[in-house]
Amino acid sequence: MATSKPLQFLASDATASAVRSGLSSTPKRLPSWLFYDEAGSALFEQITTLPEYYLTRTERSIFESFAGEMLEAAGSDLTLVELGAGTASKTCVLVEELLQRQKRALFYPIDVSPSALQEAVNQLGRQFPQLRVNPIVADYTGGVEALNRILGRKLVLYIGSSIGNFEPDESVRMLRRIRRSLRAGDAFLLGADFAKSAKILIPAYDDAEGVTAAFNKNILARLNRELGADFDPDAFRHVALWNRQCSRMEIYLESLCEQRVFLPMLDMDVSFSAGERIHTENSYKYTMDMVEAILRESGFKLEHTWTDRQKWFGVHLARA
Ligand code: AVI
């Protein structure tokens, strides 16, 4: 009898059903939230430091230039909450400015990755003794529910262009849920990447070092780890395309040959033809009209937008 390697982690029901439906549909797709297991979250942190990936450093520069104005506009006596915080590396700038305005502050970073949150706690705790950091391990759904239970006047951050990985209708649904969890006086900061030339966008999603390719292929390695699948990540290539009409970067894994993959935990065989793709991610690039539309449709009022000099990235302050 054939024995297979023991699984390192068991896939959740959500993972199993997303993989089953995504790999049996035409064209094949996998949801981008599958990127973020421990290995994927670490690879994403690496992406944020790449020279081609302008998003993180550009957004950070906006915080560095305008943190004072942002907090002035948000109001006094604030509790900071960050959805999808990761290691909260950009939030330091805002925290530093906040602690010049109030003696103490509370910060609730919310993320799916316990190790990223631990790093946020260590880093911020060391740097800011007057800051109390209360990490919450949760996905977006759980994170938005947690917002309801946080007391005091909140400044909720949803930065890093995370909104870009949702389809426009999903973004509106999510923003609506965030808006419903805010009370009078609370403010919301949204970070979104602006549409720009393909010459800048494509390398940002297909870097020379191949870190984004490894991040994309980690999805296959994850299915091997959690579902016992036998994907050969080297039999796929990373593809990044700019879809101007939909204003989004599209990320795929393209099969380099005709092949069959077995996923024992799903009792599923998946065939690929040479050149067939799995669509793993969209990353929407916003125009001001698009930002205004999603905020309006979700019941927010846009109060202010800060951008870098090249207008590559925008941070938007909105209220319920
Ligand atoms: C997390 N998110 C905002 C990233 C983005 O730019 O869409 C994920 C990413 N995908 C490839 N590179 C980075």
Candidates V112, T15, D139 - the one meeting side chain to side chain contact (heavy atoms under 4.5 Å, CB included) with W33:
T15
Distance-only polar pair, side chains of Q259 and S255, donor-acceptor under 3.5 Å
yes
Without placing hydrogens or testing angles, list every side-chain donor-acceptor pair under 3.5 Å for residues 186-193, not counting sequence neighbours.
from: D186; atom 1: OD1; to: K154; atom 2: N; distance (Å): 2.8
from: D186; atom 1: OD2; to: K154; atom 2: NZ; distance (Å): 3.2
from: D186; atom 1: OD2; to: R183; atom 2: N; distance (Å): 2.7
from: D193; atom 1: OD1; to: Y54; atom 2: OH; distance (Å): 3.3
from: D193; atom 1: OD1; to: K196; atom 2: NZ; distance (Å): 2.8
from: D193; atom 1: OD2; to: Y54; atom 2: OH; distance (Å): 2.5
from: D193; atom 1: OD2; to: K285; atom 2: NZ; distance (Å): 2.8

Let me check something: any side-chain donor-acceptor pairs from residues 208-222 under 3.5 Å, sequence neighbours excluded? List them with distances.
from: T212; atom 1: OG1; to: D207; atom 2: OD1; distance (Å): 2.5
from: N216; atom 1: OD1; to: T280; atom 2: OG1; distance (Å): 2.9
from: N216; atom 1: ND2; to: H238; atom 2: ND1; distance (Å): 3.0
from: N216; atom 1: ND2; to: Y252; atom 2: O; distance (Å): 2.9
from: K217; atom 1: NZ; to: P233; atom 2: O; distance (Å): 3.2
from: K217; atom 1: NZ; to: F236; atom 2: O; distance (Å): 2.9
from: N218; atom 1: OD1; to: R225; atom 2: NH2; distance (Å): 2.9
from: N218; atom 1: ND2; to: D37; atom 2: OD1; distance (Å): 2.9
from: R222; atom 1: NE; to: E226; atom 2: OE2; distance (Å): 3.0
from: R222; atom 1: NH1; to: L34; atom 2: O; distance (Å): 2.8

Does the side chain of L157 reach to within under 4.5 Å of the side chain of K90, using non-hydrogen atoms?
no
Under 3.5 Å, is there a donor-acceptor pair between the R60 and S89 side chains?
yes
Using a strict cut-off of less than 4.0 Å between a Lys/Arg side-chain nitrogen and an Asp/Glu carboxylate oxygen, indicate whether R277 and E250 qualify as a salt bridge.
no
Could you tell me which non-hydrogen atom of F44 sits nearest to which non-hydrogen atom of Y53, and how far apart they are?
CE1-OH, 3.9 Å
With a 3.5 Å cut-off and no angle check, do the side chains of S161 and E59 form a donor-acceptor pair?
no
G160 versus F313, closest heavy-atom pair with distance:
C-CZ, 4.3 Å
Closest non-hydrogen atom pair between S181 and V144, with its separation
CB-O, 4.1 Å
Please table the atom pairs, donor to acceptor, closer than 3.5 Å between any side-chain atom in residues 76-83 and protein atoms at least two apart or in another chain.
from: E82; atom 1: OE1; to: T91; atom 2: OG1; distance (Å): 2.3

With side-chain contact (heavy atoms from CB on, under 4.5 Å) as the criterion, how do V261 and D230 come out once you've worked through the C-alpha distance, each side chain's angles and the decisive distance to 0.1 Å?
CA-CA 6 Å; V261 176; D230 58 0; 3.4 Å; yes
Report the residues that fulfil salt bridge (Lys or Arg N to Asp or Glu O under 4.0 Å) with R260, sequence neighbours left out, ordered by chain and then residue number.
D269
More than 12 heavy atoms of other residues, nucleotides or ligands under 6.0 Å from CG of D169: is that the case?
yes
Is any NZ, NE, NH1 or NH2 atom of the basic residue among R101 and E72 found under 4.0 Å from an Asp or Glu carboxylate oxygen of the other?
yes
Remaining members of the apolar cluster that contains V137, side-chain heavy atoms under 4.5 Å
L117
Holding to salt bridge (Lys or Arg N to Asp or Glu O under 4.0 Å), I want the full list of residues that pass it with E96, two or more places apart in sequence or in another chain.
none
Checking the side chain of S247 only, and the main-chain atoms of R244 only, is there a donor and an acceptor separated by less than 3.5 Å?
no
Are F262 and M268 connected in a single hydrophobic cluster, I mean Ile/Leu/Val/Met/Phe/Trp/Tyr linked by side-chain heavy atoms less than 4.5 Å apart?
no
Could you tell me whether a side-chain N or O of R126 sits under 3.5 Å from a main-chain N or O of V121, the two making a donor and an acceptor?
no
Under 3.5 Å, side chain of N282 to main-chain N/O of N165, donor-acceptor pair present?
no
